[in-house]
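Since the structure comes first, as structure tokens, the remarks are kept for the end.
Each chain gets a letter, A, B and so on, in the order the sequences are listed, and its residues count up from 1. Remember, it's a predicted structure, so these values are computed and weren't measured experimentally.
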2 protein chains.
Amino acid sequence: MVSQTGIYALQAVLLLARRSDGSPLSAAAIAQELDLPADYLAKTLRRLRVDGVVSSSRGAHGGYRLACPAEDLSLARVLDPFEETRPRRVCLMGGRCDPAHPCSAHDRWSTVTHSARRILEDTSVADLLHDDRPTLTLRTGTDS
Amino acid sequence: MVSQTGIYALQAVLLLARRSDGSPLSAAAIAQELDLPADYLAKTLRRLRVDGVVSSSRGAHGGYRLACPAEDLSLARVLDPFEETRPRRVCLMGGRCDPAHPCSAHDRWSTVTHSARRILEDTSVADLLHDDRPTLTLRTGTDS
DNA sequence: GCTAATTCGGACCTTAGTGTCCTATTAAGA
DNA sequence: TCTTAATAGGACACTAAGGTCCGAATTAGC
């Protein structure tokens with residue numbers, strides 16, 4: 001549901017968000033801090049830059065910064081460049097049920113996928129820095 | 001979250017469950033009915049048999065049957081042989097937060113993964129045949 | 001201007017998931 | 001007994017994700 005690359009991206013973005021001063025952080029420094037594969041993280045950060053999540057400055061003392069305030073950056077925007085969380089299969093049965101006649105697993109499963117998507121869209125990077133929002137709770141229709 | 005192979009397995013098992021008489025259904029027939037890659041589905045059915053989800057009989061007029069009543073067969077048991085739905089990463093941040101000090105995304109995300117797992121465990125193949133159970137509903141803590 | 005630090009971007013490798021193909025084995029029925 | 005239909009199971013191919021490596025371009029500071 002979330003790829004390894006997406007996890008790397010999230011970790012890196014959170015580290016950048018924690019950085020109070022405006023100086024950039026190099027890919028190598030991020031990788032060392034988080035103990036991630038440096039070369040691959042560098043590639044991942046490049047993709048984040050192309051997607052506008054981070055900005056970069058080249059040369060000595062260069063590195064990466066968040067491209068926008070952490071409050072305005074949803075987890076979905078960080079993860080989407082790696083095309084993970086957008087529901088690719090509409091339903092459990094492989095997406096061959098049309099909306100008019102959904103398969104019997106459709107409602108159950110779309111509840112999960114939609115709530116996952118919503119959490120990623122409604123949670124900002126800043127939310128994860130100092131978390132005090134109430135978390136989502138699940139209940140079944142049979143419980144009520 | 002659920003692999004292509006798992007989807008194939010679910011579709012095949014549902015087809016077997018719909019079969020009222022006790023005669024087995026061949027892999028080729030299942031593949032034709034569902035329009036799935038026949039050779040790969042055959043391999044998938046073999047894995048289901050090893051895992052005890054279906055039973056097989058060889059030779060002419062052989063094929064596959066459900067190994068147990070559809071009521072007693074959870075979706076999780078069908079999907080687990082393909083190691084998909086068991087939460088491999090405990091949290092969004094790559095699982096490096098220990099339970100005592102969960103990362104800030106932990107509660108949010110585990111809500112999703114646990115509800116997904118619970119749906120797969122609580123829903124039987126029979127439930128999907130004639131669906132009349134109330135579906136899960138989601139609400140946020142902020143709504144109440 | 002030179003050097004060091006850094007991003008940029010492409011080439012390449014490895015592995016797992018998916019898919020194909022072929023041969024051996026088994027069993028039903030003529 | 002022979003033929004035919006089926007599972008069993010291994011070998012192999014393809015693709016994408018994850019990961020490594022290297023050279024080129026860029027920039028700060030000396």
Distance below 4.0 Å between [X] side-chain N/O and [N] OP1 or OP2:
X: Y40(B); N: dC12(D); value: no
X: Y8(B); N: dG19(C); value: yes
X: S56(A); N: dT7(C); value: no
X: R49(B); N: dG9(D); value: yes

Rounded distance (Å) that lies between atom [atom2] of [N] and atom [atom1] of [X]:
X: R46(A); N: dT20(D); atom1: CZ; atom2: C1'; answer: 12 Å
X: L45(A); N: dT6(C); atom1: CG; atom2: P; answer: 14 Å
X: D39(B); N: dA13(D); atom1: CG; atom2: P; answer: 16 Å
X: L79(A); N: dA17(D); atom1: CG; atom2: P; answer: 15 Å
X: Q11(B); N: dT18(C); atom1: CD; atom2: P; answer: 13 Å
X: L36(A); N: dT20(D); atom1: CG; atom2: P; answer: 11 Å
X: I7(B); N: dG17(C); atom1: CD1; atom2: P; answer: 15 Å
X: L41(B); N: dC21(C); atom1: CG; atom2: C1'; answer: 16 Å

Pick the nucleotide of DNA chain D nearest each of A38(A) and H61(A); which residue has the one closer to the 5' end? A38(A)
Residue met sooner reading DNA chain D from 5', once S57(A) and K43(A) are mapped to nucleotides: K43(A)
Sidechain-backbone polar pair: D51(B) side chain, L48(B) backbone, donor-acceptor under 3.5 Å: no
Does V112(B) offer a backbone N or O that forms a donor-acceptor pair with the side chain of S115(B) under 3.5 Å? yes
How is G62(A) classified with respect to the nucleic acid when contacts are heavy atoms under 4.0 Å: base, sugar-phosphate, or nothing? sugar-phosphate
Determine the contact category for A27(A): base if any of its heavy atoms lies under 4.0 Å from a base atom, sugar-phosphate if only primed atoms, P, OP1 or OP2 are that close, otherwise nothing. sugar-phosphate
Between the base of dT7(D) and the side chain of R58(B), is there a donor-acceptor distance below 3.5 Å? yes
Is the shortest distance from a Lys or Arg side-chain nitrogen in R117(B) or D80(B) to a carboxylate oxygen in the other one below 4.0 Å? yes
Verdict with reasoning, S55(B) to R49(B), per side-chain hydrogen bond (donor to acceptor under 3.5 Å, both in side chains): CA-CA 5 Å; S55(B) 62; R49(B) 183 193 63 88; over 6 Å; no
Other residues, nucleotides and ligands only: do more than 12 of their heavy atoms fall within 6.0 Å of CD on E121(B)? yes
